[in-house]
Every structure is written in C-alpha cells, then in structure tokens.
Amino acid sequence: MSARHSGTGMTSQRTRMRMIERLRTQGIADEVVLSVMSSIPRHVFIEEALSSRAYDDIALPINFGQTISSPWIVARMSELLRANLKLRKVLEIGTGCGYQTAVLAQLAYEVYSLERIGPLLTRTRIRLQQLQIKNVHLKHADGMFGLSEAGPFDGIIMTAVTAEIPMLLLEQLEVGGRMVFPKGSRKQNLCIIERNSQGYMETVLEEVKFVPILSGVVRK
Ligand code: SAH
C-alpha cells in the first residue's frame, strides 16, 4: 500500500478523528454518519497537492471548475437524508470526486450516482474501485432527469444547486422517501422534500453555498 493510501502525517487517522470531533462540536449528532466518515480516507479523493488540507472544513477544487463539498456539508446532508429512514436505494446527483458517494455507500444498500462531466466520473470510478466499494452504480448522465429505470428511491441527494426541482425527479421518490438538496441562486438554503401519501412537503433549513446544476453532459 502506498503512503498516500496508508495515510501518513496530515492524512493519518488522527487528523481524521480531529475532523470528526470538530463535526460533533459543530452540531452533527448522527453517530453512524460520524463513524462512517471516520473510516473513509478523504485525502484520496483530492489532488495530491491539496491533500494536506483534505480534513479542513472547507470545499476544495477537484478540477473542471467543480469542488468537493466540505466535511460539514457531507455530514449534514447525510444525517438529514438518514433521519428516521432505513436507506435501501439512494440516488445521488453530482458524483464529483465521489467522497459523498462513498459515505452514502455505507449508509444505504445501494447507491446510484449521476455525473455530467465524463472525465471526472472516469477518475471517480477508478477511485471507488480501489477502495473496493461495490454497491455503487455510477452513470454519466444529466442528473436532472433522475434514473427512473432504477427507482423509486427512498433517498435522493443533490450536490449542486438549482432554483427548482423538476417534478420528473420528485416522481422518482418513494412514498415515505426524502430528498435533500440546496435550493436557490444567489442565496441558497439546504432543503428537504418529503413524499407522503398526500403529496410533497418542503422544509427550508440553513444557508449554504454550492456550485450550480448545469444541463447536458460533457464528454471530454
Ligand atoms: N458531492 C460532490 C460534489 C461535487 S460539486 C463532491 O463532493 O465531490 C457538484 C457536482 O455536480 C459536479 O461534479 C458537477 O459536475 C455535478 N453536476 C452539475 N450539474 C449536474 C447535472 N445536471 N447532472 C449531473 N451532475 C451534475
């Protein structure tokens, strides 16, 4: 195993545990999420030049103008998605470097994740294979159409921001299921939409900052 994967210095288990402690003091209360995040080497999802900052509570660039979400955002969205739900099938829109995907893979039986930038997805595919994560299905596609052939999902998570969620996507949510996503444009908030037998219920939460959802796919 290379030093990069075994985790030395700034990328060690100790650094990771400091991140977990910080998340706890910042209000993340779901111990299952914290335990999963303590087991995943976040530094392998980030370019080597930046990996010493992998456990800082910041978003970092991952090429193609995209960013890996900060540890707090990943923890917060994961706990919101999980709360009171037994996650069987989860859909993620915006795979990026795959860190959130790897966290979800330990919280749900099956994860489907869609990414519009082909070359980004190619790297993420290799990374998840190296980490021997087997319950994730990655697809190069525009996530705003969802993945009806694999649905319905009991959880949907979106890691880029949009002003409106298309009905097409909400229809892929199981009754009793929940979608967690950032909403807005200049001012953005985390939102939850829950589907019940009567329809959909939206809850608006804290202010956040995400890169925008874009349409269509990028091949090279
Ligand atoms: N969870 C990722 C977040 C990456 S940033 C991580 O932590 O690495 C948001 C991602 O959403 C980017 O990779 C971007 O390319 C992707 N994205 C934006 N619009 C999309 C769309 N319509 N369909 C699929 N992915 C999209």
Side-chain angles (χ1 to χ4, degrees), residues 19 23 33 36-37 40-47 50-51 53-81 90-108 111-128 130-131 133 136-148 150-151 153 155-170 172 179-185 188 190-191 208-220:
M19 174 186 84
L23 290 172
V33 169
V36 166
M37 287 179 69
I40 299 175
R42 184 169 158 94
H43 59 279
V44 307
F45 292 85
I46 290 166
E47 294 302 309
L50 290 171
S51 64
R53 311 208 60 191
Y55 297 96
D56 294 353
D57 200 24
I58 46 172
L60 291 167
I62 52 168
N63 294 322
F64 308 99
Q66 305 305 318
T67 51
I68 176 174
S69 301
S70 71
W72 185 83
I73 279 289
V74 173
R76 181 74 178 130
M77 291 183 90
S78 302
E79 77 172 4
L80 288 172
L81 193 70
V90 168
L91 175 68
E92 177 186 40
I93 297 159
T95 319
C97 70
Y99 177 70
Q100 172 82 73
T101 323
V103 172
L104 291 171
Q106 289 198 43
L107 299 174
V111 179
Y112 291 82
S113 187
L114 308 175
E115 170 59 55
R116 67 182 285 275
I117 302 179
L120 197 54
L121 194 63
T122 303
R123 286 197 213 176
T124 297
R125 202 180 288 283
I126 295 168
R127 197 177 283 131
L128 295 179
Q130 281 169 345
L131 291 171
I133 296 172
V136 169
H137 312 269
L138 300 177
K139 191 170 177 198
H140 183 210
D142 183 339
M144 289 306 256
F145 296 98
L147 195 64
S148 58
F153 302 95
I156 302 181
I157 187 167
M158 206 165 82
T159 69
V161 70
T162 174
E164 258 346 291
I165 299 293
M167 199 55 211
L168 186 68
L169 209 51
L170 292 177
Q172 295 176 32
M179 173 160 184
V180 178
F181 60 102
K183 182 175 161 174
S185 49
Q188 309 174 5
L190 272 188
C191 280
V208 286
K209 193 154 176 44
F210 279 81
V211 294
I213 278 279
L214 299 172
S215 61
V217 294
V218 178
R219 297 197 192 281
K220 310 191 179 149

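Whatever order the structure lists ligands and atoms in, that order sets their numbers, starting from 1.
Between Ser215 and ligand 1, not a single N/O pair is under 3.5 Å apart. Distances between N or O atoms of Cys97 and those of ligand 1 include at least one value under 3.5 Å. By the 3.5 Å distance cut-off applied to N or O atoms, Gly143 is counted among the residues near ligand 1.
Contact between Val218 and Pro119 at its shortest, heavy atoms only, is O-CD, 4.1 Å. Considering all non-hydrogen atoms of both residues, Gly98 and Leu128 come closest at O-CD2, 4.0 Å. Closest approach of Gly143 and Leu169 over heavy atoms only: O-CD1, 3.7 Å. Considering every non-hydrogen atom in both Asp142 and Leu214, the closest pair reads OD1-O, 4.3 Å. The two atoms that bring Ala105 and Ile133 nearest to each other are CB-CG2, 3.7 Å, heavy atoms only.
Under 4.0 Å from ligand 1, heavy atoms of Arg116 appear from its side chain as well as its backbone. In Ile117, the part holding a heavy atom less than 4.0 Å from any atom of ligand 1 is the side chain. With a 4.0 Å cut-off on non-hydrogen atoms, Thr101 does not touch ligand 1 at all.
Within ligand 1, counting atoms from 1 as listed, the ones closer than 4.0 Å to a heavy atom of Asp142 are 21 (C), 22 (N), 23 (N). Near Val211, meaning under 4.0 Å from one of its heavy atoms, ligand 1 places the atoms 5 (S), 9 (C). Under a 4.0 Å criterion applied to the non-hydrogen atoms of Leu114, ligand 1 contributes the atoms 24 (C), 25 (N). Residue-ligand proximity, Gln66 to ligand 1, at heavy-atom distances under 4.0 Å covers atoms 12 (C), 13 (O), 14 (C), 15 (O). The contact set between ligand 1 and Leu214, taken as ligand atoms under 4.0 Å from a residue heavy atom, comprises 18 (C), 19 (N), 20 (C), 21 (C), 22 (N). Residue Ala141 has at least one heavy-atom neighbour below 4.0 Å for each of these atoms of ligand 1: 23 (N), 24 (C). Of all atoms in ligand 1, listed by their number and element, those nearer than 4.0 Å to a heavy atom of Leu120 are 13 (O).
His137 places no side-chain N or O within donor-acceptor distance of the main-chain N or O of Val111, the cut-off being under 3.5 Å. Distance alone, capped at 3.5 Å, is enough to place a donor-acceptor pair between the His140 side chain and the Gly118 backbone. Without hydrogens or angle criteria, Ser70 side chain to Ile73 main chain gives a donor-acceptor distance under 3.5 Å.
Aromatic ring pairs are classed by plane angle as parallel below 30°, tilted from 30° to 60° and perpendicular above 60°; the pair Phe45 and Tyr99 is perpendicular.
For Ala59, the heavy-atom gap to ligand 1 stays at 4.0 angstrom or more. Ligand 1 lies nowhere less than 4.0 angstrom from a heavy atom belonging to Val218.
When Ile62, Thr67, Thr162 are ranked by how near their heavy atoms come to atom 4 (C) of ligand 1, first place goes to Thr67. For atom 7 (O) of ligand 1, the candidate residues are Ser113, Ser69, Gly146; the nearest heavy-atom contact is made by Ser69.
When only non-hydrogen protein atoms are considered, atom 11 (O) of ligand 1 lies nearest to Gly94 CA, 3.2 Å. When only non-hydrogen protein atoms are considered, atom 9 (C) of ligand 1 lies nearest to Thr159 O, 3.3 Å. Of the protein's non-hydrogen atoms, the one nearest atom 15 (O) of ligand 1 is Glu115 OE2, 2.6 Å.
A 4.5 Å side-chain heavy-atom check between Pro166 and Phe145 finds every atom pair outside the cut-off.
With rounding to the nearest 0.5 Å, the separation of CE in Met144 from CD in Glu164 is 9.0 Å.
Ion pairing of Glu115 with Arg123 is absent here, as no side-chain N (NZ or NE/NH1/NH2) approaches a carboxylate O to less than 4.0 Å.
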